[in-house]
Asker: 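One structure coming up, written as structure tokens, with questions to follow.
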Amino acid sequence: QVQPVESGGGLVQPGGSLRLSCAASGSIFSMNPMAWFRQAPGKQREFVASITSSGLTNYADSVKGRFTISRDNAKNTMYLQMNSLKPEDTSIYYCNTLYVKFFGWGQGTQVTVSS
């Protein structure tokens, strides 16, 4: 399967910000709801945020008010703006279609929140 490419992760102090990017195949990306997921060590992969082709969004309660998901269909790219980061946000972040997984799981991008 074609894999998306996540980028933008890094090490940041609590309260800091990061902006993640997800580059994917346009033929699939532009026609499907997309989502960010994350997986921390020893835990299951969990839903973070989603966005439809027209821009309607949904967020997990744990990130609501702190994270903002967006997409640029012309660039085949999705973003996740993360503000007020907490140590609990430390995880590998992945992107994929929200429902049927047309993409394979990529390598993700590591986000580490620590002082």
Asker: Going from CG on N96 to CZ on F102, what distance comes out if it is rounded to the nearest 0.5 angstrom?
Answerer: 10.0 Å
Asker: Under 4.5 Å between side-chain heavy atoms, counting indirect links through other Ile/Leu/Val/Met/Phe/Trp/Tyr residues: same cluster for Y79 and I92 or not?
Answerer: no
Asker: Do we see a donor-acceptor contact under 3.5 Å between the side chains of T52 and S54?
Answerer: yes
Asker: Measure the spacing between CG of N58 and NZ of K64 and express it to the nearest 0.5 Å.
Answerer: 6.5 Å
Asker: Do K86 and D89 pass the salt bridge (Lys or Arg N to Asp or Glu O under 4.0 Å) test, and can you show the C-alpha distance, the side-chain angles, and the key distance before you say yes or no?
Answerer: CA-CA 5 Å; K86 304 175 180 179; D89 297 318; over 6 Å; no
Asker: In Å, rounded to the nearest 0.5 Å, how long is the span from OG1 of T68 to CZ of R19?
Answerer: 10.5 Å
Asker: R71 and N76: side-chain contact (heavy atoms from CB on, under 4.5 Å), yes or no, with the steps?
Answerer: CA-CA 8 Å; R71 66 192 292 166; N76 302 326; over 6 Å; no
Asker: Run the numbers on M34 and F103 for side-chain contact (heavy atoms from CB on, under 4.5 Å), then give the verdict.
Answerer: CA-CA 11 Å; M34 295 289 295; F103 297 112; 4.1 Å; yes
Asker: Got a donor-acceptor contact below 3.5 angstrom from the S30 side chain to the N73 backbone?
Answerer: no
Asker: Passes side-chain contact (heavy atoms from CB on, under 4.5 Å), R38 versus V111? Steps please.
Answerer: CA-CA 10 Å; R38 66 186 182 186; V111 172; over 6 Å; no
Asker: Using every non-hydrogen atom in the two residues, find where T109 and L20 come nearest and quote the distance to one decimal.
Answerer: CG2-CD2, 4.0 Å
Asker: Can you name the nearest heavy-atom pair linking T90 to V113, along with the distance?
Answerer: OG1-N, 2.9 Å
Asker: My understanding is that only residues two or more places apart in sequence, or in another chain, count here; which of them pass side-chain contact (heavy atoms from CB on, under 4.5 Å) with K43?
Answerer: A40
Asker: Quick one: which residue pairs count as a ring-ring contact (aromatic ring centres under 6.0 Å, His included) with a foot in residues 34-76, not counting sequence neighbours?
Answerer: F37-W105
Asker: Between Y94 and G106, which heavy-atom pair has the shortest distance, and what is it?
Answerer: CE2-O, 3.4 Å
Asker: For a quick test of your reading: what N or O donor-acceptor pairs under 3.5 Å do the side chains of residues 4-18 make, sequence neighbours left out?
Answerer:
{"residue": "E6", "atom": "OE1", "partner": "G108", "partner atom": "N", "Å": "3.0"}
{"residue": "E6", "atom": "OE2", "partner": "C95", "partner atom": "N", "Å": "2.9"}
{"residue": "S17", "atom": "OG", "partner": "N83", "partner atom": "OD1", "Å": "2.9"}

Asker: Take a 6.0 Å sphere around CD of E46 and say whether it holds more than 12 heavy atoms from other residues, nucleotides or ligands.
Answerer: yes
Asker: Do Y93 and Q110 have side chains that approach each other closer than 4.5 Å (heavy atoms only, starting at C-beta)?
Answerer: no
Asker: Given I51 and L56, is the side-chain contact (heavy atoms from CB on, under 4.5 Å) satisfied, shown in steps?
Answerer: CA-CA 5 Å; I51 184 167; L56 297 177; over 6 Å; no
